Amino acid sequence: MTGQTPPFPERKREGAAIEIPRTENGSPARLVTIFGSLDVKGGKRAHYIFDVGQQRYAEVALPADRPLLSLARRAPAAAWYERELQDQYGIEIVGHPDPRPLIFHDNWPDGVHPMVDPVDGVPWANRDYRFLEVQGEGIAEVAVGPVHAGIIEPGHFRFSVVGDTVLNLELRHFYTHKGVEKRFEGSSVTDGVLLAESVSGDNCFAHAVCYSQAVENACAIDVPAQASAVRLIGLELERLVCHISDVGGLCADVGFSVAAAYAARIKESLLQASAQCCGTRYWRGIAVPGGLRHDLDSGKVLELSQEVERAHREFSDIARLILETPSIQNRFEKAGILRPEAARDLAVVGVVARSSGVDLDVRRDHPYGRYEHHSFEIPVTDYGDVMARANIRIAEAATSARLIEEAARSLPAGAVSVPFRADGEMRGSSAVESPRGELWYWMETRDGRLARCHIKSPSFQNWPAMPFAVAGNIIADFPLINKSFNLSYSGCDR
Amino acid sequence: MILDVIERSLRQPSRLIPVEALLGNCDGSRMPDVVVDHLTPDIARKLSEVCPTMAFGIEAQEGRDCLRLSYGRCIGCGRCMEAGQGCVIAAKHFHWCGVTKAQTVRFWDIDGRAEITPHAPNPQDTRGQIPSLLQRALNIRQLDAGSCNGCEAEITALTNPYYDLERFGIHFVASPKHADMLLVTGPVTRNMADAVRATYEAVPAPKLVVAVGACGCSGGIFAGSHAIVGAVDAVIPVDGYIPGCPPTPSMLASGVLEVLRRRLAR
Ligand code: SF4
Ligand code: SF4
């Protein structure tokens, strides 16, 4: 007899499975998201979304009242999504490599699944949660959080270290879980945007636009050109502000406080210019389904674009100096490498993907709004380290500044919104390249009200990749690596 | 190179906003204010209908029908300004930062067209005490109880060269054990409730607590969610409230100083 007998008999795994669609060149398509929903009769469904290329997202849906076979072994990016299906819908996933609860912590009772069960007065429980145990001689455990030193969001990190070197990092998140997707249920289509804006505060405009586009796609309406152009300006400004802030944050994390303060000043000047232009510092309350809440004064938009030009000139100058500084190079280079294979397996998006050799940008791959009217390069590199992510951010900031300037110079005139009717049953989805990467919304209405709204957040997608970038580094470099990813906790936890 | 960065930095003019200009400033927050001359029963009803968080409502006070505005609930969405036909405008000055819960609520007699707020804050109070406030030191520990990070972004801005809270002797510290004040953002999520309590316990007396943002003050847009316990005061005692979604850095600075002033005045 050839081959090896397994030490124990293979058990049959029973469950429905999906076929991963292929792109036109035959490779398995990138997983975008997995989410659950309920049909009119209350039956559970699981939706799998893939990017199949040629500007298309493909959906595979399965009835999910029976167990589903885990996809996570074939597509590791599915792992967290499947755990979310279990927690939120009680959908049974067979053969999952890590079936522990994800969203709810020890005080949430087993067997209560908010998307299907009543959630009034859910009793407080006391369940156990087992962290991974890394065993061996000289291995110590360092647990950090959920409350961290500094003004940042809560999350728990568990490092297994040998001396200073991190062997393994285990994440435990969802401390800021606010039940947002459940909150959408029953809300009016116009009110939904207020929730979308509060998913991840520093990316609020991307969320507002993405949600609005999903509604507009569902209603098959086109927003006026001026509204699209203003949205483009807001989206690129949000990216610019985020990237400036992140480069400053990286400097702060290596103790280069003069550069950090310089970047913080540039960022603040852009927020103040935004308040002058549209009334809010972070562009809240501007995008709504159908277009914009109100007209923006074209003179003020021009002033904003001049401020952007000035801010970016200062930023690119200081960014060049920062990167030329030997002690910065010393800290940024080879720190926190995320290898391209891991990036692909975990289907990461945004700056993190483009720094690890994955050429991906919704603005080009699934164009929306007025992006087709502009040409721009997508910077990609495969070093995968902190320096790579800093470089990509700096390059993208330049593109954003240019796009804002182009759009502001040729702002179309006319209406800023179109009326729409949200009645009966509709479905729509939409993608936006947020500052953190691909953001994807799916919404469904019944009787004109939201029955379901799912948010694929780039942070949810990218967090599982962080431990791969951290392993092998010294623990003192963790804040720097973490900052270079710049993921949102609230966006992930929702 | 480092020296070039320092040289660029030294060439910049000072951006520091004087404390007098910070107090009461709310640019970029879109907090509403009521122009009482335009108030009619119709408009009052409309305002309470369009407001997504029930910040506007109609309520009886002293036997009269009143328009109520609870700043702690307001997410600054601006709908009331559109619907209010000139009766609601974006506030030019905002004095409801760092105040007590009762003070965050305003009332207008609809028929009499007059404000009859029982607990109005006095904007002159903080102004009058600026010199004595500036002689203090205050250590703040920021605590995110489940925010969307919008409030964090604005709190971080307090350290930038425009606001520079350090000039008031106010520092952000890493440990609750070193803190005089907890600045708490977000609705308290179910997953954070224990950590919020533990952090509060770790702060030495007199433990000043400030609830930040619509979420911190009232739960904001998330009020009623199964995944949150409630506003900050549902879990720990709160000394002052700073409305806004998010409150701007000026509002945060004003609020922190106001809480400090009230504490010193006790
Ligand atoms: S701005 Fe505030 S008060 Fe006005 S409608 Fe929005 S939440 Fe209500
Ligand atoms: S108050 Fe607004 S900005 Fe602050 S955490 Fe809540 S939703 Fe976010």
Side-chain angles (χ1 to χ4, degrees), chain A residues 104-105 107-108 114 119-120 122 146-147 149-154 174-180 182-183 191 194-195 198-202 204 245 256 258-259 261-262 264-265 267-268 271-272 274-275 279-282 284-285 293-294 314 317-318 321-322 324-327 488-491 493, chain B residues 1-2 4-6 8-9 12 15 27-30 52 75-79 82 90 142-157 159-163 172 174-176 186-187 189-195 198-199 215 220-222 224-228 245-246 248-249:
Chain A
F104 292 104
H105 291 182
N107 65 43
W108 191 263
V119 286
D120 284 340
V122 175
V147 179
I151 308 171
I152 52 168
E153 300 176 72
F174 302 92
Y175 284 94
T176 69
H177 177 65
K178 294 180 275 292
V180 175
K182 176 85 183 168
R183 290 288 288 164
D191 281 358
L194 301 171
L195 265 172
S198 295
V199 172
S200 182
D202 55 354
C204 58
S245 172
F256 195 178
V258 180
Y262 201 93
R265 173 184 63 75
K267 172 184 176 184
E268 175 68 25
L271 298 178
Q272 291 183 6
S274 292
T280 52
R281 287 161 57 91
Y282 283 91
R284 276 178 186 258
R293 170 69 66 66
H294 55 72
E314 286 188 334
D317 171 53
I318 205 81
L321 295 173
I322 292 169
E324 280 173 7
T325 304
S327 53
S488 162
Y489 298 69
S490 181
D493 304 351
Chain B
M1 301 297 241
I2 290 184
D4 297 314
V5 174
I6 294 175
R8 296 284 200 287
S9 176
Q12 289 292 327
R15 312 284 166 149
D27 288 350
S29 70
R30 209 156 43 187
I75 58 166
C77 70
R79 286 187 181 177
E82 276 164 41
Q142 192 269 335
L143 174 63
D144 180 342
S147 93
C148 79
N149 84 28
C151 284
E152 271 60 41
E154 293 295 48
I155 292 174
T156 308
T159 59
N160 79 32
Y162 287 83
Y163 306 101
F172 285 96
S175 165
T189 62
R190 186 149 172 153
N191 287 345
M192 272 304 282
D194 283 347
T199 307
C215 289
I221 190 85
F222 304 109
S225 164
H226 66 279
I228 73 165
C245 182
T248 64

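Because the structure is a prediction, the values reported are computed rather than measured. In the text below, chain A, chain B and the rest are named by the order of the sequence lines, each starting its count at 1.
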Option that, when pairs with chain A are counted at under 4.5 Å, heavy atom only, ranks first among [options]:
options: B/Gly78, B/Ala174, B/Gly76; value: B/Ala174
options: B/Val5, B/Asn149, B/Asn160; value: B/Asn149
options: B/Ala153, B/Gly150, B/Gly224, B/Ser225; value: B/Ser225
options: B/Ala157, B/Ser147, B/Ala198, B/Ser29; value: B/Ser147

Between the main-chain N or O of A/Asn107 and the side-chain N or O of B/Arg190, is there a donor-acceptor pair closer than 3.5 Å?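 Flag set: sc B/Arg190 to bb A/Asn107 pair under 3.5 Å.
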
Can any side-chain N or O of A/Glu153 pair as donor or acceptor with the backbone N or O of A/Ser490 at less than 3.5 Å? yes

Pick one of side chain, backbone, both or neither for [X], based on which atoms fall under 4.5 Å of a heavy atom in chain B.
X: A/Val199; result: backbone
X: A/Pro146; result: side chain
X: A/Ser327; result: side chain
X: A/Asp317; result: side chain
X: A/Arg183; result: side chain
X: A/Tyr175; result: both

Look at B/Arg79 together with A/Asp191 and state whether they make a salt bridge at an N to O cut-off of under 4.0 Å.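 The answer is yes: the pair qualifies as a salt bridge.
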
Salt-bridge criterion met for A/Glu314 and B/Arg8 (N-O under 4.0 Å):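 No.
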
What closest approach, in Å, do [X] and [Y] show between heavy atoms, and which atom pair accounts for it?
X: A/Pro114; Y: A/Val119; answer: CA-CG1, 3.6 Å
X: A/Arg281; Y: B/Asp27; answer: CD-O, 4.4 Å
X: B/Met192; Y: B/Ala145; answer: CB-O, 3.5 Å

The test is side-chain contact (heavy atoms from CB on, under 4.5 Å); show your working for B/Glu152 and B/Asp144 and say whether it passes. CA-CA 8 Å; B/Glu152 271 60 41; B/Asp144 180 342; 3.5 Å; yes

Donor-acceptor pair between A/Lys178 and A/Ser198 side chains, under 3.5 angstrom: no

Which one wins on heavy-atom pair count under 4.5 Å against chain B: [options]?
options: A/Phe174, A/Tyr489, A/Tyr282; result: A/Tyr282
options: A/Gly150, A/Cys204, A/Ala275; result: A/Gly150
options: A/Ile151, A/Asp493, A/Ile152; result: A/Ile151
options: A/Glu324, A/Gln272, A/Arg293; result: A/Arg293

Salt bridge (Lys or Arg N to Asp or Glu O under 4.0 Å) partners of B/Arg15, counting only residues at least two apart: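 Not a single residue meets the salt bridge (Lys or Arg N to Asp or Glu O under 4.0 Å) criterion with B/Arg15.
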
[X] versus chain A, the contacting section by heavy-atom distance below 4.5 Å:
X: B/Ala193; value: side chain
X: B/Cys245; value: both
X: B/Ile228; value: side chain
X: B/Ile6; value: both
X: B/Phe222; value: both
X: B/Ser175; value: neither

How many angstroms lie between CD in A/Glu268 and OG1 in B/Thr156, if you round to the nearest 0.5 Å? 11.5 Å

How about A/Phe104 and A/His177: are their ring centroids closer than 6.0 Å?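 A/Phe104 vs A/His177: aromatic centres under 6.0 Å.
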
